[in-house]
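I have placed the structure first, in the form of C-alpha cells, so that the comments after it can refer back to it.
For ligands, and for the atoms within them, numbers begin at 1 and follow the listed sequence. Scope of the values below: all heavy atoms of this structure, side chains included, with no hydrogens, waters or symmetry mates. We number each residue from 1, following the sequence as shown.
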Amino acid sequence: MKASITFLGTGTSQGIPVIGCKCKVCQSEDTRDNRLRCALLIRTPKTHIAIDTGPDFRIQMLRAKNERLDAVLMTHEHNDHIAGLDDVRPYNFMQWSDMPVYAQDRVCNMLRTRFPYIFEAEKYPGAPMVELHSIDKTNQLEIGDLEVIPVEILHGKLPILGFRIRNMAYLTDMKTIPDLEMAKLKDLDTLIVNALHHQEHHSHLNLKQALAFAEKAGARQTWFIHMSHNMGLHAEIDAQLPDGINLAYDGLEIALR
Ligand SMILES: [Zn+2]
Ligand SMILES: [Zn+2]
Ligand SMILES: [Zn+2]
C-alpha cells in the first residue's frame, strides 16, 4: 500500500442531504452530492492519521475500512469536527492504548468540557481513552513516519489549525490566513480548502474567494471541501472550475506524495 489521502466527508455542518430538504442537490442521485461532515484520513504503510472526528466518524471509518488509527489532529472545536470523538473506542480496544489527540489549548479545554466522562479521574469502564496534546502553529509534529506542520488560519475571528503533511495541506473552515502562515503552503502538490457556496459568509470562504485563494497558493491540484447544498450539483459546478481545481467528494482517494 502506498501513502494515500481519503476524503471521509466533504460537506458543511448539516451534511448533504439536509434533513427535510427537497432541493435538487439534496434529492440528487449522484453519490457525489451526498456529503458527510468534513474529515480526512491520511495513511502510509506505517501511520494512519485522521483529521477531525465529526458526527459521521464511525461510518467514515467503516467505509474507509480503516482498522488502525495512530492519532487524531483536530482543526477546531465546532461540533461538525469533534462530535464523533467517542467512536475512537474500537481503536482503544483493538490497540489497547490511549488515542493521541492533537489540538490547540483552547480546543483541548473545550474537549474536556464537551466530553467530561472521557477525562474523569474515575472513569466508567469502557469510556474512550484519549491522550490530549496541546499544540499551536509553532509545533512541528512527528507522528509515525509523518511530519505534520500546523498552519494557523482564521475561521471568522477564531484562530484554528490546518495541517501540512508532506506536499499536501488541509485547510477547513477558513476565512483568511495570515501572511506568515501562507509561507507554509509553498510547493504543494495538493491543497485541500473549504468553499462553502456562492454567497458571502462571515467565517467561511465562498466559491469565488476559494478560487482566488487557490490561485494564490498555486498548488498543482486543489480540492474544495465543506460544501453546502447551496453550492449546486457536483457535476455542474465541477465542470465550470479551472484546470487543477475540483470539488472533492466523499470516498475520493488520492496519492500522498
Ligand atoms: Zn465546519
Ligand atoms: Zn437541499
Ligand atoms: Zn467551524
Side-chain angles (χ1 to χ4, degrees), residues 7-41 50-57 59-60 72-85 87 101-111 113-115 137 150-163 169-178 181 191-207 209-210 213 223-238 247-250:
F7 292 84
L8 300 169
T10 58
T12 190
S13 57
Q14 296 189 77
I16 306 175
V18 174
I19 295 171
C21 186
K22 301 280 189 284
C23 83
K24 63 180 180 185
V25 175
C26 291
Q27 306 251 291
S28 167
E29 281 173 15
D30 183 344
T31 55
R32 295 171 303 174
D33 287 314
N34 285 343
R35 302 185 190 277
L36 298 176
R37 270 58 71 91
C38 273
L40 195 75
L41 182 63
I51 303 184
D52 289 335
T53 58
D56 302 313
F57 180 70
I59 196 71
Q60 289 169 333
V72 173
L73 305 172
M74 290 292 192
T75 60
H76 66 300
E77 64 270 44
H78 288 163
N79 209 53
D80 53 325
H81 299 264
I82 66 167
L85 182 61
D87 287 318
V101 172
Y102 297 84
Q104 292 160 292
D105 225 15
R106 182 195 74 237
V107 178
C108 289
N109 287 333
M110 198 64 89
L111 292 171
T113 307
R114 300 276 289 280
F115 298 92
K137 62 182 173 195
V151 181
E152 191 174 85
I153 54 180
L154 290 165
H155 186 16
K157 288 181 183 149
L158 191 69
I160 65 170
L161 293 181
F163 300 97
Y170 183 81
L171 308 176
T172 190
D173 295 54
M174 180 174 87
K175 180 68 182 184
T176 56
I177 180 168
E181 297 300 287
L191 170 66
I192 302 166
V193 66
N194 55 293
L196 188 64
H197 48 46
H198 306 273
Q199 303 297 317
E200 177 65 24
H201 191 279
H202 68 99
S203 63
H204 288 267
L205 295 173
N206 64 22
L207 180 60
Q209 293 158 346
F213 175 73
W223 296 100
F224 290 152
I225 55 166
H226 214 289
M227 273 87 71
S228 103
H229 59 162
N230 295 321
M231 177 63 92
L233 292 169
H234 182 100
E236 282 178 15
I237 302 299
D238 192 59
L247 301 185
Y249 53 89
D250 292 18

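- Counting backbone and side-chain atoms alike, His76 contributes no N/O/S atom closer than 2.8 Å to the Zn ion (ligand 1).
- When each of His78, His197, His198, His155 is checked for a ring-ring contact (aromatic ring centres under 6.0 Å, His included) with His204, only His155 meets the rule.
- Vertex the Zn ion (ligand 2); arms to Cys26 atom SG and Cys23 atom SG; angle 110° (nearest 10°).
- Looking at Asp80 and the Zn ion (ligand 1) together, the shortest N, O or S contact belongs to OD2.
- Screening Val151, Leu205, Leu154 against Met174 for a side-chain contact (heavy atoms from CB on, under 4.5 Å) leaves a single residue, Leu205.
- Take the N/O/S atoms of His229: the one nearest the Zn ion (ligand 2) is ND1.
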Start with the C-alpha gap between Asp52 and Leu40, add the side-chain angles, then the distance that decides, and say whether side-chain contact (heavy atoms from CB on, under 4.5 Å) holds. CA-CA 7 Å; Asp52 289 335; Leu40 195 75; over 6 Å; no
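- Metal site remark for the Zn ion (ligand 3): His204 contributes no N, O or S atom at a distance under 2.8 Å.
- The closest approach of Asp173 to the Zn ion (ligand 1), by N/O/S atoms, is made by OD2.
- The Zn ion (ligand 3) lies closest to atom ND1 when only the N/O/S atoms of His78 are considered.
- Within a 6.0 Å sphere centred on CD of Glu200, heavy atoms belonging to other residues, nucleotides or ligands number more than 12.
- Among the atoms of His155, an N, O or S atom falls under 2.8 Å from the Zn ion (ligand 3).
- Of the possible polar contacts, one joining the Asn206 side chain to the Gln209 backbone as a donor-acceptor pair under 3.5 Å is found.
- For the pair His226/Thr10, no side-chain contact is recorded, criterion being any heavy-atom separation below 4.5 Å from C-beta on.
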